**Q** 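Below is one structure. I have some questions about it.
Being a predicted model, the structure only gives us computed values, none of them experimental. Both ligands and their constituent atoms are indexed starting at 1 by order of listing.
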Amino acid sequence: MVRRLAKAIREASGNGAEAKLKRAQLRHRLLTQLPDRLSGGKLSRAYRAMEVEVREWTVAAPGWPTAFDGLRIGQVTDLHAGELITPEHAAGIVARLRGRGVDMVVCTGDVTDLDPDHAVEPLNMLGSLEAPMGSYLVLGNHDALQSAEAVASAARRAGVKVLRNQSISLRRRNATLRVGGVEWAETVSSCAKTVDLAAAEPHGRPDLLLAHNPKAFRRAVQLGVPLTLSGHTHGGQLALRRQEPTFPRRAAWRRLHAGPYVDGGSHLYVSSGAGSWFPMRVNRPPEVVVLTVRKG
Ligand SMILES: [Fe+2]
């Protein structure tokens, strides 16, 4: 047992894609399967029984295009479909956005925990939601562990547009909304490079930026992007108390952890997401988000 563990740890060291996958598989065995098995399956059952909150939030961003004042965006993130959150359960979470009167739906990454096949069911659900301005996905670090391309093509088959360091211009009644999305990047500086790619011509600076890692917000602020949506943090999963912010916190000097932030005219919402790999959440309930974006 000790020898097998030592071998797995050796294989998981390094920076290549193979080592990253091995590390994720090791983490899955130690931090997902082991605690759950020690609890006799209680942890995962309790996790799946948690009520998913539909969190409504209104953002007032001065740079938001007037023609899209009042736009409603449904956001899901960090479903981590797999062993803990089954693909079917993840699809049920996405379905919580149904009937909410959203204009567009977005997923800010980590649809799957490890296996791209597990992303298919929740992505099919995402693509089936009624959203006149479409459904969009940016990939998270977990989506890229085995094959980012496999997750991206499952999304495309479901009718979900994947934004990979690029922007698109959406037209509605002679007005344009630019939506940008970036690939997974780890540091503030590597995130900045992806944001610059998404903000390049011909579309230019996006009005709405989707980025799995909230660190992308640092560059979004410099470029004057009115609204960024992120995930990745799971809100820390374990918190001493429940936090229900009534106004956005100033992003400067803060760790971008969970909820709404503002810096100058740029807003960020970091969703705590709905799934995870560690089978426990305390004071950070799973959530899907409905944002109403106002110009103001
Ligand atoms: Fe995640």
**Q** Going by the rule side-chain contact (heavy atoms from CB on, under 4.5 Å), which residues pair with Gln75 if we only count those two or more places apart in sequence or in a different chain?
**A**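 In terms of side-chain contact (heavy atoms from CB on, under 4.5 Å), with neighbours along the sequence ignored, Gln75 is linked to Thr77, Val106, Thr108, Leu229, Tyr269, Ser271, Val289, Leu291.
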**Q** Closer than 2.8 Å to the Fe ion (ligand 1), what protein N/O/S atoms do you find?
**A**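 You should have found Asp78 OD2, His80 NE2, Asp110 OD2, His234 NE2.
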**Q** Under a 4.0 Å N-O cut-off, is there an ion pair linking Glu287 with Arg96?
**A** no
**Q** Between Val182 and Asn165, which heavy-atom pair has the shortest distance, and what is it?
**A** CA-OD1, 3.4 Å
**Q** Does anything in residues 18-40 pair up under ring-ring contact (aromatic ring centres under 6.0 Å, His included), and if so which pairs, sequence neighbours excluded?
**A** none
**Q** With sequence neighbours left out, which residue pairs that include part of residues 157-212 fulfil the ring-ring contact (aromatic ring centres under 6.0 Å, His included) condition?
**A** Trp184-His212, Trp184-His232, His212-His232
**Q** Under a 3.5 Å distance rule, please check whether Asp103 uses its side chain to pair with a backbone N or O of Arg72 as donor and acceptor.
**A**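 Yes; judged by distance alone, with no hydrogens or angles, the pair exists.
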